Structures are given as structure tokens and as C-alpha cells.
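Take a look at the structure set out below.
A quick note: this is a predicted structure, and the numbers were derived from the prediction, not measured.
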Amino acid sequence: MRQYTIKKVTGEIDWKQVPALDVDNYQWCEELDIKMKSQICYDENGLHVHLRAWEKDIRAELTEPMSMVCEDSCMEFFFRPQEGDLRYFNLEINPNGQMYIGFGHNMGDLVRLALQEEDALLQKKWNYTEDGWEVFYTFPLSVIRVFFPGYELKSGMKLYANSYKCGDETVNPHFISWNKIELDTPSFHQPEHFGLMVLE
């Protein structure tokens, strides 16, 4: 199981000071010239996430809220807030800033979450780069507390998480993960295969 330390931040985030993790386990596909890195940090307001992809043939067709953005070029962050509880949030986003957010135990009981004024609430930013694209967002503590009342983000707390790069209908379909999933068939919705993240 891979491990990552979620850095605590105050004020404006200097992303150069936040460690990056490599999303580099190609699964269920051949290795391609596609790379991804994730950075996660936290403060009293929530988890701050920066996802960066190096990708040439970008697909960005979906523009409607709640779209199946995994069909486009897509970056994802899934996390289980509480040790011993397999319920997780899945946050999937495409280069148009369209996000699919779900919560549940697995694909079978996953509930889609429609957040009011999502862009402002999550402080989403997205843009193309010279060699790919990137996104920034915050997942608020207030949203986590809807499902885990009284939840706190504090030093030493353990989360279980995984980060993914995919593109089901891109020119080169791909499935890449941070923590390896030991399955023969494609499925990112495997909370028992998440890696360990510890809050600094």
C-alpha cells in the first residue's frame, strides 16, 4: 500500500511547497505517453486538490453537469474519510471543469451529489497547459460533515484514497492509478484498494 502525507497549509496555498504523488500504475491497458500527478493539502476549511495531466490527445466533449466525465480525458480523486468505514467520495473532472461527484460503498449504491453553486463552493479552477491540462478545487469540510457529522481534519488523522487518470473514449483509452488495484477487470471503485494518506 502506498502512503502520502497530506500537508497542512495556512492562507494562500503555495503549491510548490506541497508534495506531489505520481499516478503511474497503468492498469488494464498498455503504457502510453500520458502522465499525471496529484497534490493534496488541507486546512480548517477542507481538502485542497491540484491534479495535473501531461496528455496530447485531449478529449473534452462533455459540458453538462453530472456528465459521465470518465468518457473524456479525466482526472479523479477518491477518498474514504473514516478508518473502518468503506464509504467514499469520488470526484471526477474533465478539462471543461465538469465534475461528477458521488458517495457510497461501491458502484452499486453510489449516490450522485449535486452541489448548489458547485463552482463557487468548490473554488474550482481549470486550464490547459502547453503539454496537457490541470485542475484545482477544494472539497469543503462542510460537505464531508453531511455524511460524517462532527468530522474534523486534524493532525495524525488517516484517510484512505486513490487518484486516477482515465479516458474511456479518448483516442488512446487508458486507466492509470496511484495505488495499484489488484483486479483483472477495470474498476476504480474499489475502496479496499485505496492507499494510506495521513494528515500532517
Side-chain angles (χ1 to χ4, degrees), residues 6-13 15 18 23 36 38-53 58-83 85-129 133-154 157 159-169 188-191 194 197 199:
I6 300 179
K7 184 178 179 67
K8 186 172 184 179
V9 295
T10 55
E12 186 173 349
I13 301 168
W15 286 103
V18 179
V23 180
M36 177 185 161
S38 299
Q39 294 169 284
I40 302 104
C41 55
Y42 80 101
D43 60 17
E44 66 278 4
N45 298 313
L47 294 169
H48 306 288
V49 180
H50 173 219
L51 308 176
R52 169 84 159 86
I58 296 172
R59 184 184 193 272
E61 300 293 328
L62 300 172
T63 58
E64 295 296 319
M66 310 286 281
S67 299
M68 294 297 290
V69 292
C70 59
E71 296 174 359
D72 277 347
S73 296
C74 182
M75 292 189 283
E76 307 181 353
F77 176 58
F78 290 24
F79 73 98
R80 291 195 281 130
Q82 214 159 54
E83 196 168 8
D85 190 330
L86 289 181
R87 293 179 300 163
Y88 63 95
F89 293 97
N90 65 297
L91 299 102
E92 310 172 13
I93 192 165
N94 75 356
N96 296 324
Q98 291 302 326
M99 187 174 264
Y100 179 106
I101 306 173
F103 178 77
H105 292 91
N106 52 51
M107 278 293 288
D109 78 346
L110 205 66
V111 176
R112 293 188 192 188
L113 304 183
L115 304 180
Q116 192 171 15
E117 299 184 6
E118 178 184 294
D119 285 0
L121 178 66
L122 272 59
Q123 303 171 49
K124 286 194 298 184
K125 297 178 185 176
W126 59 93
N127 60 273
Y128 287 93
T129 62
W133 58 288
E134 65 181 347
V135 297
F136 300 84
Y137 62 83
T138 294
F139 197 66
L141 179 60
S142 60
V143 175
I144 300 174
R145 283 178 171 167
V146 170
F147 300 91
F148 299 92
Y151 189 81
E152 292 184 51
L153 293 167
K154 56 186 179 181
M157 178 173 283
L159 304 180
Y160 292 86
N162 216 340
S163 198
Y164 309 110
K165 175 75 186 75
C166 65
D168 294 6
E169 296 187 11
F188 287 158
H189 293 264
Q190 302 295 327
F194 289 0
M197 295 191 176
L199 273 59

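Separating the OG atom in Ser73 from the CD1 atom in Ile93 is a distance of 12.5 Å, to the nearest 0.5 Å. Here Arg112 contributes atom CZ and Met66 contributes atom CE; the two are 5.5 Å apart, rounded to the nearest 0.5 Å. Atom CG of Leu62 and atom CD of Glu169 lie 8.0 Å apart (nearest 0.5 Å). Interatomic distance, Ser38 OG to His50 NE2, rounded to the nearest 0.5 Å: 9.0 Å. The CD1 atom of Ile40 lies 13.5 Å from the CZ atom of Phe139; values are rounded to the nearest 0.5 Å. The distance from atom CG of Leu159 to atom CZ of Phe194, rounded to the nearest 0.5 Å, is 11.0 Å.
Looking only at distances, no side-chain donor or acceptor of Gln82 sits under 3.5 Å from a matching main-chain atom of Phe148. No side-chain donor-acceptor contact under 3.5 Å links Tyr42 to the backbone of Leu199. Without hydrogens or angle criteria, Asn96 side chain to Thr63 main chain gives no donor-acceptor distance under 3.5 Å. Of the possible polar contacts, none joining the Arg80 side chain to the Tyr88 backbone as a donor-acceptor pair under 3.5 Å is found.
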Please test Leu91 against Phe79 for side chain to side chain contact (heavy atoms under 4.5 Å, CB included), starting from the C-alpha separation and ending with a verdict. CA-CA 9 Å; Leu91 299 102; Phe79 73 98; 3.9 Å; yes
Should Met36 and Leu51 be marked as a side chain to side chain contact (heavy atoms under 4.5 Å, CB included) after you check the CA-CA gap, both sets of side-chain angles, and the distance that decides it? CA-CA 7 Å; Met36 177 185 161; Leu51 308 176; 3.9 Å; yes
Should Gln190 and Phe78 be marked as a side chain to side chain contact (heavy atoms under 4.5 Å, CB included) after you check the CA-CA gap, both sets of side-chain angles, and the distance that decides it? CA-CA 10 Å; Gln190 302 295 327; Phe78 290 24; over 6 Å; no
Assess whether side chain to side chain contact (heavy atoms under 4.5 Å, CB included) is satisfied between Glu64 and Gln98, documenting all intermediate values. CA-CA 7 Å; Glu64 295 296 319; Gln98 291 302 326; 5.7 Å; no
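Closest of all the heavy-atom pairs between Arg87 and Pro81 is O-CD, 3.8 Å. Contact between Gly104 and Leu110 at its shortest, heavy atoms only, is N-CD1, 3.6 Å. Shortest non-hydrogen contact noted between Ser163 and Val23 is O-CG1, 3.6 Å. Between Gly108 and Asn106, the shortest heavy-atom distance links the atoms N-OD1, 2.8 Å. Contact between Phe89 and Ile144 at its shortest, heavy atoms only, is CZ-CA, 4.0 Å. Pro95 and Ile58 get closest at one heavy-atom pair: CG-CG2, 3.7 Å.
Considering only heavy atoms from C-beta on, Glu71 stays 4.5 Å or farther from Glu61 through its side chain. Inter-residue side-chain proximity for Thr129 and Arg52 is flagged as met; some heavy-atom pair is nearer than 4.5 Å. Tyr164 has its side chain out of reach of Asn90: every pair of non-hydrogen atoms, C-beta onward, lies at least 4.5 Å apart. When side chains are defined from C-beta on, Lys154 does not count as touching Lys8, because their heavy atoms never get closer than 4.5 Å. Side-chain atoms of Tyr100 and Cys70, non-hydrogen and from C-beta on, never get closer than 4.5 Å to each other. Side-chain contact check for Val143 versus Ile101: every heavy-atom pair is 4.5 Å or farther apart. At least one side-chain heavy atom of Trp126 sits less than 4.5 Å from a side-chain heavy atom of Asp119. Side-chain contact between Leu153 and Ile6: absent, with no pair of heavy atoms (C-beta onward) separated by less than 4.5 Å.
Considering Met99, Met68, Glu76 in turn, Glu76 is the only one that fulfils the side-chain contact (heavy atoms from CB on, under 4.5 Å) rule with Glu92.
Between Phe77 and Tyr137, the distance separating the two ring centers is not shorter than 6.0 angstrom. Aromatic ring centres of Phe136 and His48: separated by at least 6.0 Å.
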